[in-house]
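Working notes for the structure below.
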Amino acid sequence: MTQITTTNPATDETLTHYDVMSAEDSFRIVEASHAAFTDWKTTSHSERAKKLRDIAARLRDNADKFANLMTMEMGKLLRDGKMEVELCARIFEYTAENGPSELADEERKHTGGKKRGIVTYSPIGVIYSIQPWNFPLYQPVRVLAANLMAGNGVILKHASICTGSGLLLRDVCIEAGLPKGLFDVLVIDHDTSDKIIEHKLVRAVTMTGSDGAGQHIGQLAAKNLKKTVLELGSNDAYLVLDDADISLAVKTCVQGRLFNNGETCVSAKRFIVTEANYDAFVSAFVDAMKNVKMGDPMKDDTQLGPVSSKDQFDTLCEQVSKSVDGGADLLCGGKPPEGKGQYYPPTVLANCKPGTPAYDDELFGPVASIIRAKDDKDAMRIANDSRYGLGGGIFTKDEEKAIALARDHFDTGMVRINSFGTADPNMPFGGVKDSGYGREHGGFGMKEFVNAKAIYLP
């Protein structure tokens, strides 16, 4: 029987082996989720909200267990894992609090007449959730909370390296009283995953991952007339404009590049600095990156842990090498230490050129790409010179100017002004261009996979 093996990227030690499910066993899990859905869809919004609050409580009860497992499976700093659990608990609570009003029936009058109508947001069935490894709990939770509230069932295919985290989430949900089968986890290969997308009881697909994987999944789902939400890669640009506070920009950009070991879709990745501030920013930024403490992710004083796997480490090494060969200047880092673990040091590349990974692609790790701009207008042009459009940031002392740039010119789904962050339950999350489509959070995710049904009354 084929197995998945998980490995601790900090020590290279084997963690666990998991048997890969057959297509037949996977289909039975889908069928069980659909059966549970037929009951769940008739429950009231308030009943669903209570279950979500119960799950939030159980997540907090198991915070240490989740955090330890995430650190062992993909190298996340232990303290960041605990923050992730708390964020997930708050997502369940936000959804429980706001779901009943977001999904409530709406009464409408017919245009030009006295007849009435009702719009209902009705659940559609089993949602297939394909999620990556960089946030082993948060990624599946943001799909799960919204769709449980909407009345759907959810089947999760997690990234193989954090299989244990997915299974633990399922077990905690069952312990919290969620009907068995409504949410379950598939341990499967890519061929079986494609068959799940095609399964007649799967009504929609949501996926977070690379744009290449998103193209494959989106095409297969479209061929089977199934709606998708795709949150794909990005190389988010952070603009340091002429009037920026350089001290704030440097501090925030280092945090934005290294958070979660640099493995975040909305990490600050490209730093576009105007001529007026270029030398001062680069000097301070490189000094700050050099002073970052890399080491054991279990220790409180560690600032940077390993990347998630040997594959990810090798990819990062290749991307940096190609970027330097393509003309980028290596200002610090770039030389991994000897010994065990997939540790890649904080690295800064400057003068990054179009046609190289540091300019065009997503570097998923602690590598910063610095690009010089002539002025504010040129910085905005360079920021948008990307196939991606997930997030980005602007540093300027003129908030009104920043808002205007963000609203009218920044071609992304999210923009941070003089700050860095990842997600907030009350704000929409998603991108444009090759970063995908659809939205999660902010109430938007609860309506992605529902049937907006028109009921006409006399």
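Here the structure is a predicted model, which is why all the values come from computation and not from measurement.
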Heavy-atom pair of closest approach, residues K353 and G327: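 In terms of heavy atoms, the two residues are closest at CE-O, 4.1 Å.
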Assess, by modelled atom type and distance only, whether the side chains of [X] and [Y] contain a donor and an acceptor separated by less than 3.5 Å.
X: T228; Y: Y437; value: yes
X: T302; Y: D296; value: no
X: D411; Y: N384; value: no
X: T71; Y: N68; value: no
X: E263; Y: N134; value: no
X: D211; Y: Y388; value: yes
X: D12; Y: Q342; value: yes
X: S386; Y: Y359; value: no

Row check, F429 ring normal vs R142 NZ/CZ: under 6.0 Å, within 45°: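 Geometry flag: set, cation within 6.0 Å and 45°.
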Please examine the side chains of [Y] and [X], heavy atoms only from C-beta on, and report whether any two atoms are closer than 4.5 Å.
X: K227; Y: E448; value: yes
X: D361; Y: N235; value: no
X: L168; Y: L69; value: yes
X: L87; Y: R90; value: yes

Any donor and acceptor pair, going by atom type alone, linking the side chain of [X] with main-chain N or O of [Y] inside 3.5 Å?
X: D80; Y: K76; value: no
X: T412; Y: G389; value: no
X: R257; Y: A368; value: no

Audit row: I91, H441, side-chain contact (heavy atoms from CB on, under 4.5 Å) steps and yes/no: CA-CA 8 Å; I91 288 170; H441 295 324; 3.6 Å; yes
Could you check whether [X] pairs with [Y] (Lys NZ or Arg NE/NH1/NH2 to Asp/Glu carboxylate O, under 4.0 Å)?
X: D325; Y: K322; result: no
X: R58; Y: D54; result: no
X: D360; Y: R387; result: no
X: R53; Y: E97; result: yes
X: E175; Y: R170; result: no
X: E86; Y: K82; result: no

Audit row: D236, R270, side-chain contact (heavy atoms from CB on, under 4.5 Å) steps and yes/no: CA-CA 6 Å; D236 287 9; R270 291 181 297 149; over 6 Å; no
Salt bridge (charged side-chain N to carboxylate O under 4.0 Å, His left out) between E275 and K374, worked out: CA-CA 5 Å; E275 192 76 54; K374 295 177 183 177; over 6 Å; no
Ring centers of Y138, H158 separated by less than 6.0 Å: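 Ring-ring flag for Y138/H158: false, centres at least 6.0 Å apart.
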L405 and its side chain to side chain contact (heavy atoms under 4.5 Å, CB included) partner, picked from T396, D376, I417, L241: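 With L405 as partner, T396, D376, I417, L241 yield a single side chain to side chain contact (heavy atoms under 4.5 Å, CB included), made by L241.
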Ring geometry between Y344 and F313 (parallel below 30°, tilted from 30 to 60°, perpendicular above 60°):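 The arrangement is perpendicular - the two ring planes meet at more than 60°.
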F364 and W133 aromatic ring geometry - parallel, tilted or perpendicular at 30°/60° bounds: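 The rings of W133 and F364 stand perpendicular, inter-plane angle above 60°.
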CA sep, side-chain torsions, deciding dist, call: D329, L349, side-chain contact (heavy atoms from CB on, under 4.5 Å): CA-CA 5 Å; D329 298 325; L349 300 172; over 6 Å; no
CA sep, side-chain torsions, deciding dist, call: I394, R416, side-chain contact (heavy atoms from CB on, under 4.5 Å): CA-CA 6 Å; I394 300 172; R416 292 271 177 176; over 6 Å; no
Derivation and outcome, salt bridge (charged side-chain N to carboxylate O under 4.0 Å, His left out), residues D245 and K397: CA-CA 7 Å; D245 180 329; K397 294 174 184 175; 5.8 Å; no
Greater than 12 external heavy atoms within 6.0 Å of K447's NZ: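 Counting neighbours around NZ of K447, more than 12 heavy atoms of other residues, nucleotides or ligands fall under 6.0 Å, so yes.
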Residue K433 excluded, over 12 heavy atoms near NZ under 6.0 Å: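 More than 12 heavy atoms, drawn from other residues, nucleotides or ligands, come within 6.0 Å of this atom.
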